[in-house]
Amino acid sequence: MKIASFNINGVKARIGALTDWLAGADADVVVLQEIKSVDEGFPREHFGDLGWNVETHGQKGFNGVAILSKLPLEDVTRGLPGDETDDQSRYIEATVVGDRAVRIAGLYLPNGNPAPGPKYDYKLAWMERLRVHAASLLASEMLVVMLGDYNVIPEPRDAAKPEKWAEDALFLPASRAALRSILWQGWIDAVRIRDPWAGRGPFTFWDYQGGAWNRDDGIRIDHLLLSPQAADLMVETGVDREARAGEKPSDHVPVWVRLAA
DNA sequence: ATGGTCGCCACGCGA
């Protein structure tokens with residue numbers, strides 16, 4: 001089972017790029033972030049005609065997440081537990097059954113800029129809720145893949161120019177510590193362990209501004225976290241860097257993992 | 001030091 005994450009920065013603007021990527025990706029399950037659409041506005045028929053089951057958790061204008069799956073999506077839940085007053089659409093979960101059942105958790109973690117400030121407070125509070133919920137996912141002992149746009153640069157080598165991000169919510173010590181506190185529960189960062197002693201990158205995001213792509217001034221903020229049971233079945237992982245060079249690209253590229261499940 | 005680019009949706013906001 002191949003499972004991918006793609007922050008598409010507007011599903012309506014990305015129908016072409018997303019369709020093209022899907023045609024060559026051989027993915028079974030794809031979680032999307034920043035669909036920037038309400039549920040009714042999602043091009044459900046377009047992707048349905050291509051054989052995808054679609055579950056969305058949309059929002060007007062901003063945010064919004066979705067899951068596309070070739071296999072049926074079961075036990076779908078929307079929203080991150082822990083705060084009934086949080087009305088931002090950033091989290092969706094579903095189970096996909098291939099050779100084995102895999103729990104898929106798709107997330108769009110708050111950006112948090114400017115920091116300090118209320119947006120950064122929201123980011124850290126959201127990460128604390130994610131930490132608590134992630135622990136319950138691990139306790140389930142299911143195969144779990146928790147993936148998406150984490151909006152956190154884990155380490156200096158995950159940025160082309162780490163010094164540029166020193167004051168940014170994506171790289172502040174508290175953001176990195178909060179991500180580590182989740183990882184250290186026992187999650188496996190699939191792209192990182194592929195080559196644990198490698199140098200910089202691979203990157204998953206290049207800003208539209210300032211020619212960041214042409215300078216390869218990127219960061220790694222889209223992550224695949226695997227439960228130990230899922231990591232045992234990991235056979236391959238990758239970052240589809242070439243998607244950033246396509247027509248009308250998102251500022252993020254897909255990341256993916258293949259499980260023997 | 002500043003402005004640089006997108007998407008959404010029709011204006012400024014969020015990233």
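Every chain is numbered from 1 and lettered A, B, ... according to where its sequence line falls, protein lines coming before strand lines. Model, not experiment: these values are computed from the prediction.
Between Tyr208(A) and Phe205(A), the residue whose closest nucleotide on DNA chain B is further toward the 5' end is Tyr208(A). Between Lys248(A) and Gly112(A), the one whose closest nucleotide on DNA chain B sits nearer the 5' end is Lys248(A).
Residues Tyr120(A) and Pro110(A) form no side-chain contact, since every pair of their non-hydrogen atoms from C-beta on lies 4.5 Å or further apart.
Residue-level contact check: Arg90(A) touches the backbone only, with heavy atoms under 4.0 Å from sugar-phosphate atoms and none from bases. Residue Tyr108(A) is classed as a sugar-phosphate contact, given heavy-atom separations below 4.0 Å to backbone atoms only.
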Stepwise side chain to side chain contact (heavy atoms under 4.5 Å, CB included) test for Val76(A) and His57(A): CA-CA 10 Å; Val76(A) 180; His57(A) 183 35; over 6 Å; no
Derivation of the side chain to side chain contact (heavy atoms under 4.5 Å, CB included) call for Val152(A) and Lys123(A): CA-CA 10 Å; Val152(A) 178; Lys123(A) 176 178 194 150; 4.1 Å; yes
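Taking a heavy-atom distance under 4.0 Å as the criterion, the stretch of DNA chain B touched by chain A extends 5' to 3' from dG4(B) to dA15(B).
Using modelled atom types, one finds no donor on one side chain facing an acceptor on the other under 3.5 Å when comparing Ser250(A) with Arg14(A). Counted by atom type alone, Ser89(A) and Asn63(A) present zero donor-acceptor pairs between their side chains at under 3.5 Å. For the residue pair Asp86(A) and Tyr91(A), no side-chain donor N or O sits within less than 3.5 Å of a side-chain acceptor on the partner.
Atom name P, nucleotides dG3(B) and dG7(B): the rounded distance is 22 Å, in whole Å. With both ends at atom C1', the span from dC11(B) to dC6(B) equals 15 Å, rounded to whole Å. dG4(B) sits 24 Å from dC9(B) when the P atoms are compared, rounded to a whole Å.
Remark: Tyr150(A) engages His223(A) in a ring-ring contact (aromatic ring centres under 6.0 Å, His included) (not counting sequence neighbours).
The stretch residues 147-168 of chain A does not touch DNA chain B, since none of its heavy atoms comes less than 4.0 Å from the strand.
A donor-acceptor pair under 3.5 Å links the side-chain atoms of Gln185(A) to the main chain of Arg131(A), judged by distance alone.
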